Amino acid sequence: MPGTLEPYHSGESKVQPRTRSLSRREDLPVLYDRLLKLKEMFTSKFGSLPKFYVRAPGRVNIIGEHIDYCGYSVLPMAVEQDILIAVEPVKTHTLHLANTNPLYLDFSTSANNIQIDKTKPLWHNYFLCGFKGIQEHFGLSKLTGMNCLVDGTIPPSSGLSSSSALVCCAGLVTLTVLGMNLSKVELAEICAKSERYIGTEGGGMDQSISFLAEEGTAKLIEFNPLRATDVKLPSGAAFVIANSCVEMNKAATSHFNIRVMECRLAAKLLAKYKNLQWDRILRLQEVQTKLGVSLEEMLLVIEDALHSEPYSPEEICRYLGISLEDLRTQILSPNTQDVLIFKLYQRAKHVYSEAARVLQFKKICEEAPDNMIQLLGELMNQSHMSCRDMYECSCPELDQLVDTCRKFGAQGSRLTGAGWGGCTVSIVPADKLPSFLANVHEAYYQRSDGSLAPNKQSLFATKPGGGALVFLEA
Ligand code: GLA
């Protein structure tokens, strides 16, 4: 049976895993059966044994939505659901990828010529992102091939970061095959960058928590420079994930990138309004830092500088003194060039207020007042309202699910992840958990029209899990 490598403990330390012999089921209570099964499937698929296994977790973002790519801190924790890959390096230069889920078809390519198809976000493209990211980081032109069998337990397109977990897992697989070392922070940064090969302009939250997570604690993830600080969640609260059962693949539509571009444009207009060098500015956080003011003051600046009516591309160009051609080629991403309406006021308002809520959430966790669950819940409720009304990244099903969760005892409930579908996260007093789960199950999932197909992954309480790991055959 596979042995484990020690988890890497510090964000700064190099990834130098040590092997521990481990052959007992008790030492791998959750993974043992899955690893055995994966090993068997690998052998029947490739006719050989895997040399090692890599696991990278998904995440739930507790608060701080759509602000990582604006430069602001977020507050996620890793979940138990993960991507697990069995790996065998091979002498040829071919990369063979297979998946335990028959819906995801086998894929093979030359390791020396990685092409990522942005037009179709097929599963193997996420593997290729992590693979290519590491290859490019080390400037390698010839890579060894490998056989990989991928097994995932994160529901796809549900806001729990299944795609980033696959990118991170593939990055760590590649690093391990090459026998190279990187710190967890470096790995997270490379994987955040390389996931953009798929075409979405995500921030670094998902990849950072997948590597930097530690069991038992949520993390405040800060960017530039990237670092993670423990945030101890209240012991009397359960965090419950509920899937709206509406799938949303952020790479399959332009919703996500439109928001990233709206924030970028809002940052540029605010910078211009304040006579800053706007052409160098990309993120809303840079405007705040350059002005040296508080988030609350930024909310006042927005009131003066931006109007609540949507902006047309022409108005933006007039204001910045650039041509439509410049806007398209210098500022917008390829899939947002034809957008006709940009809601800059609303998006900026969400970002600055949400960034402030993250800091308040952390402060309440540190100070632990008597009514902390209620206070944290209020912040989560405000976050959902802002996502729904200002950022427009919710959907009717998510709003309904959030209402249902609140009705049955959640002190706070909000969409988590990119939105437009996927999951909610709720804070529920621990003593109310059993009745909460039963009632939400009945009210949301047992609909009389039978239109939903929930499973045991649709509604569950979760605890902060650990980050990415490598397992070796003992
Ligand atoms: C996706 C992105 C993240 C983050 C969230 C929204 O998960 O990958 O970087 O922007 O959406 O908070």
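For the numbers below, each heavy atom of this structure counts, side chains included, while hydrogens, waters and symmetry mates do not. Not measured: the values here are computed from a predicted model.
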- Do Glu378 and Gln374 pass the side-chain hydrogen bond (donor to acceptor under 3.5 Å, both in side chains) test, and can you show the C-alpha distance, the side-chain angles, and the key distance before you say yes or no? CA-CA 6 Å; Glu378 276 165 18; Gln374 183 202 331; 3.0 Å; yes
- Message: Would Val246 and Trp420 count as a side-chain contact (heavy atoms from CB on, under 4.5 Å) here? Give the steps.
- Response: CA-CA 8 Å; Val246 175; Trp420 294 285; over 6 Å; no
- Message: Between Thr176 and Val87, is the side-chain contact (heavy atoms from CB on, under 4.5 Å) condition met? List the steps.
- Response: CA-CA 10 Å; Thr176 311; Val87 190; over 6 Å; no
- Task: Evaluate side-chain contact (heavy atoms from CB on, under 4.5 Å) for Met261 paired with Val339, printing each intermediate quantity in order.
- Result: CA-CA 10 Å; Met261 294 307 135; Val339 176; over 6 Å; no
- Decide side-chain contact (heavy atoms from CB on, under 4.5 Å) for Ile331 and Ile316; before the verdict, give the C-alpha distance in whole Å, the side-chain angles of both, and the deciding distance to 0.1 Å. CA-CA 11 Å; Ile331 303 180; Ile316 290 170; over 6 Å; no
- Task: Could you give me the CA-CA distance, side-chain angles and deciding distance for Ser394 and Asp399, then say whether side-chain hydrogen bond (donor to acceptor under 3.5 Å, both in side chains) is met?
- Result: CA-CA 7 Å; Ser394 189; Asp399 294 339; 2.6 Å; yes
- Item | Test side-chain hydrogen bond (donor to acceptor under 3.5 Å, both in side chains) applied to Tyr345 and Glu303, step by step | CA-CA 8 Å; Tyr345 168 87; Glu303 298 298 331; 2.9 Å; yes
- Under the side-chain hydrogen bond (donor to acceptor under 3.5 Å, both in side chains) rule, what do Ser383 and Glu65 come out as? Steps first, then yes or no, please. CA-CA 8 Å; Ser383 168; Glu65 221 61 81; 6.0 Å; no
- Item | Derivation of the ring pair (Phe, Tyr, Trp, His ring centres under 6.0 Å) call for Tyr444 and Phe408 | CA-CA 11 Å; Tyr444 190 81; Phe408 291 115; over 10 Å; no
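Using bins of under 30°, 30° to 60° and over 60° for the plane-to-plane angle, the ring pair His307/Tyr311 lands in the parallel bin.
More than 12 non-hydrogen atoms from other residues, nucleotides or ligands lie less than 6.0 angstrom from CD of Gln400. The 12-atom threshold is exceeded at CG of Asp304, counting heavy atoms of other residues, nucleotides or ligands nearer than 6.0 Å. Counting heavy-atom neighbours within 6.0 Å of Glu215 CD, excluding the residue itself, gives a total of 12 or less. Residue Leu299 qualifies as enclosed at atom CG: its count of foreign heavy atoms under 6.0 Å is above 12.
When each of Val60, Ile154, Ile209 is tested with Val79 by the rule side chain to side chain contact (heavy atoms under 4.5 Å, CB included), just one qualifies, namely Val60. Exactly one of Ser164, Ser163, Ser194 qualifies for a side chain to side chain contact (heavy atoms under 4.5 Å, CB included) with Tyr126. That residue is Ser163.
Panel note: side chain Thr153, backbone Gln81; no donor-acceptor pair is recorded below 3.5 Å. Between the Asn125 side chain and the Ile116 main chain, no donor and acceptor come within less than 3.5 Å of each other. Although no hydrogens or angles enter the test, the distance criterion places no donor-acceptor pair under 3.5 Å between the side chain of Asp206 and the main chain of Ser162. Distance alone, capped at 3.5 Å, places no donor-acceptor pair between the Gln285 side chain and the Tyr72 backbone. Using modelled atom types, one side-chain atom of Gln337 and one backbone atom of Arg328 make a donor-acceptor pair closer than 3.5 Å. With Gln288 contributing its side chain and Val293 its backbone, the two residues share a donor-acceptor pair below 3.5 Å. A donor-acceptor pair under 3.5 Å is formed between the side chain of Ser210 and the backbone N or O of Pro57. Side chain of Tyr352 to main chain of Leu284: a donor-acceptor pair is present (N/O by atom type, distance under 3.5 Å, no hydrogens or angles). Within the 3.5 Å criterion, the main-chain N or O of Ala267 finds no donor-acceptor partner in the side chain of Trp278. Checked by atom type and distance alone, the side chain of Arg55 never pairs as donor or acceptor with a backbone atom of Ile83 at under 3.5 Å.
Using a 4.5 Å cut-off on side-chain heavy atoms (C-beta onward), Val240 and Cys405 make no contact. By the 4.5 Å heavy-atom criterion applied to side chains, Phe256 and Cys393 are not counted as neighbours. A heavy-atom distance below 4.5 Å is not found between the side chains of Pro156 and Trp123. In this structure, Asp82 and Leu31 have side chains that are in contact, with non-hydrogen atoms separated by less than 4.5 Å. Contact annotation: the side chain of Asn224 approaches that of Arg283 to within less than 4.5 Å [non-hydrogen atoms, C-beta and beyond]. Inter-residue side-chain proximity for Glu315 and Phe342 is flagged as unmet; no heavy-atom pair is nearer than 4.5 Å.
Annotation: the span from Asp151 atom CG to Tyr53 atom OH amounts to 11.5 Å, rounded to 0.5 Å. Taking CE of Met380 as the start and CD1 of Ile62 as the end, the distance is 7.0 Å to the nearest 0.5 Å. To the nearest 0.5 Å, atoms OG1 (Thr100) and CE (Met41) are separated by 5.5 Å. Taking CG from Leu265 and CD1 from Ile258, the interatomic distance works out to 11.5 Å, rounded to the nearest 0.5 Å. The distance from the CD atom of Glu354 to the CG atom of Leu379 is 9.0 Å, given to the nearest 0.5 Å. Rounding to the nearest 0.5 angstrom, the gap separating the CZ atom in Phe223 from the SG atom in Cys70 is 10.5 Å.
A salt bridge links Lys362 to Glu366: at least one charged side-chain nitrogen sits closer than 4.0 Å to a carboxylate oxygen. Contact check on Lys463 versus Glu80 returns no salt bridge, with no Lys/Arg side-chain nitrogen under 4.0 Å from an Asp/Glu carboxylate oxygen. Look at Lys363 and Glu367 and you find a salt bridge, because one of the NZ, NE, NH1 or NH2 atoms lies within 4.0 Å of a carboxylate O, short of that distance.
There is no side-chain donor-acceptor pair under 3.5 Å between His350 and Asp389. In summary, the side chains of Glu286 and Thr289 do not present any donor paired with an acceptor at a separation below 3.5 Å, with no hydrogens or angles considered. The closest side-chain donor-acceptor pair between Gln346 and Glu392, if any, does not fall under 3.5 angstrom.
Contact between Ile85 and Ala170 at its shortest, heavy atoms only, is CD1-N, 4.3 Å. The shortest non-hydrogen separation linking Cys245 to Tyr445 is SG-CE2, 4.0 Å. Of all the heavy atoms in Lys232 and Cys365, the pair that sits closest is O-CB, 3.5 Å. Scanning all heavy atoms of the two residues, the minimum distance from Ile134 to Gly171 falls at CG1-O, 3.4 Å. For the pair Gly199 and Lys118, the tightest heavy-atom approach, listed with the atom from each and the gap, is CA-CD, 4.1 Å. When every heavy atom of Ser73 is checked against every heavy atom of Leu220, the shortest pair comes out as CB-CD1, 3.8 Å.
Remark: aromatic rings of Tyr104 and Phe127 are distant, center separation not under 6.0 Å.
In this view, Lys219 and Glu214, Asp230 satisfy the salt bridge (Lys or Arg N to Asp or Glu O under 4.0 Å) rule, not counting sequence neighbours.
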